Amino acid sequence: MTTLRLRLDLLRRAPEGTLTAAGTRLVTRTIAAAERLYELAQSLVDLVSVDTGGAGLQIKPFDLAAVAAGVVDAIEPEARDKGLAVRLDAADGMPPLHSDEHLVRLILVNLVGNAVKFTERGEVSVSVTSEPGAHRVVVRDTGPGISEGSRSRIFEPFGHLEPLSHKHTRGAGVGLAIVRRAVDALGGRLELESHGSEGATFIVVIPSQPSAPH
């Protein structure tokens, strides 16, 4: 995928006159289509890995704030291109989270990525805190919100929001399914708050220590 994209990008940036305007548009659309295909394939791989990896969780202590900061740093350029601010608020002195770092990162990548994708103006904020026995992640956006009619299906594979009034990149429809399954695999809790068109807030609560085996 990376090699293909580089070749297409080089073709798109060819010296003036090499491609016609129609040819340039075709290459640009091909790049976008290839990226969507890659996103779908990677999302499906992630979904399968979550579904089949529950018994093989890799539990270790790690710094949740550092993981969140890495995710925000990776997604921030996309947000900046849209004129959005991405703000991270992490509490000082949090104890380590004993959990599966890969699954926690998947949760953050999909929640923050979705928030940026569906927000046209304003900001996306990420809050990371700890409380007795748990760590909490809150991802809030100023996007169009999530209607009651969409909430019953957005956590299912290939479930999409109802059509929005603004244009956006249609995703694979598995991001929130990955989040739901990952949270369940970690023994956590996932909540959604959304009021009309005032944006959406996703709250993830993860046990600070893995549950004792039965």
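Everything quoted here is computed from the prediction, not taken from an experiment.
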Quiz item: L176, V138: one ILVMFWY side-chain cluster at the under-4.5 Å cut-off?
Solution: no

Quiz prompt | Which atom of A79 lies closest to which atom of V86, heavy atoms considered | solution = CB-CG2, 3.3 Å

Quiz item: How about H135 and S208: does a side-chain donor come under 3.5 Å of a side-chain acceptor?
Solution: yes

Quiz item: Are the side chain of D141 and the backbone of V124 linked by a donor-acceptor contact shorter than 3.5 Å?
Solution: no

Quiz item: What distance do D63 atom CG and E101 atom CD have between them, rounded to the nearest 0.5 Å?
Solution: 9.0 Å

Quiz item: Rounded to the nearest 0.5 Å, how far does CG of L106 lie from CG of D100?
Solution: 8.5 Å

Quiz item: Can you tell me how far CZ of F202 sits from CG of N114, rounded to the nearest 0.5 angstrom?
Solution: 7.0 Å

Exercise. Look only at the side chain of K82 and the backbone of T119, and say whether a donor-acceptor pair between them is shorter than 3.5 Å.
Key: yes

Practice problem: Measure the spacing between CG of L84 and NZ of K117 and express it to the nearest 0.5 Å. | Solution: 13.5 Å

Just list the side-chain donor-acceptor pairs under 3.5 Å for residues 87-99, sequence neighbours left out, or say none.
residue : atom : partner : partner atom : Å
R87     : NH2  : E123    : OE2          : 3.1
H98     : ND1  : Q209    : NE2          : 3.4

Quiz item: Looking at L103 and A182, what are the two nearest heavy atoms and their distance?
Solution: O-CB, 4.2 Å

Exercise. Please answer: with hydrophobic residues joined when any side-chain heavy atoms are less than 4.5 Å apart, are L57 and V109 in the same cluster?
Key: yes

Quiz item: Which atom names give the shortest non-hydrogen contact between R189 and V183, and what distance separates them?
Solution: N-CG1, 3.4 Å

Quiz item: Are V205 and V112 connected, step by step, through hydrophobic side chains (Ile, Leu, Val, Met, Phe, Trp, Tyr) whose heavy atoms are closer than 4.5 Å?
Solution: no

Exercise. Measure the CG-CG distance between L111 and L192 for me, rounded to the nearest 0.5 Å.
Key: 10.0 Å

Quiz prompt | Pairwise distance CD1(I107) to CD1(I206) - rounded to 0.5 angstrom | solution = 4.5 Å

Quiz item: Do F118 and I146 come within less than 4.5 Å of each other through their side chains, counting heavy atoms only?
Solution: no

Exercise. Kindly say whether R121 contributes a backbone atom to a donor-acceptor pair with the side chain of T142 at under 3.5 angstrom?
Key: yes

Quiz item: Is there a chain of hydrophobic side chains (I, L, V, M, F, W, Y, each step under 4.5 Å between heavy atoms) that links L190 to V139?
Solution: yes

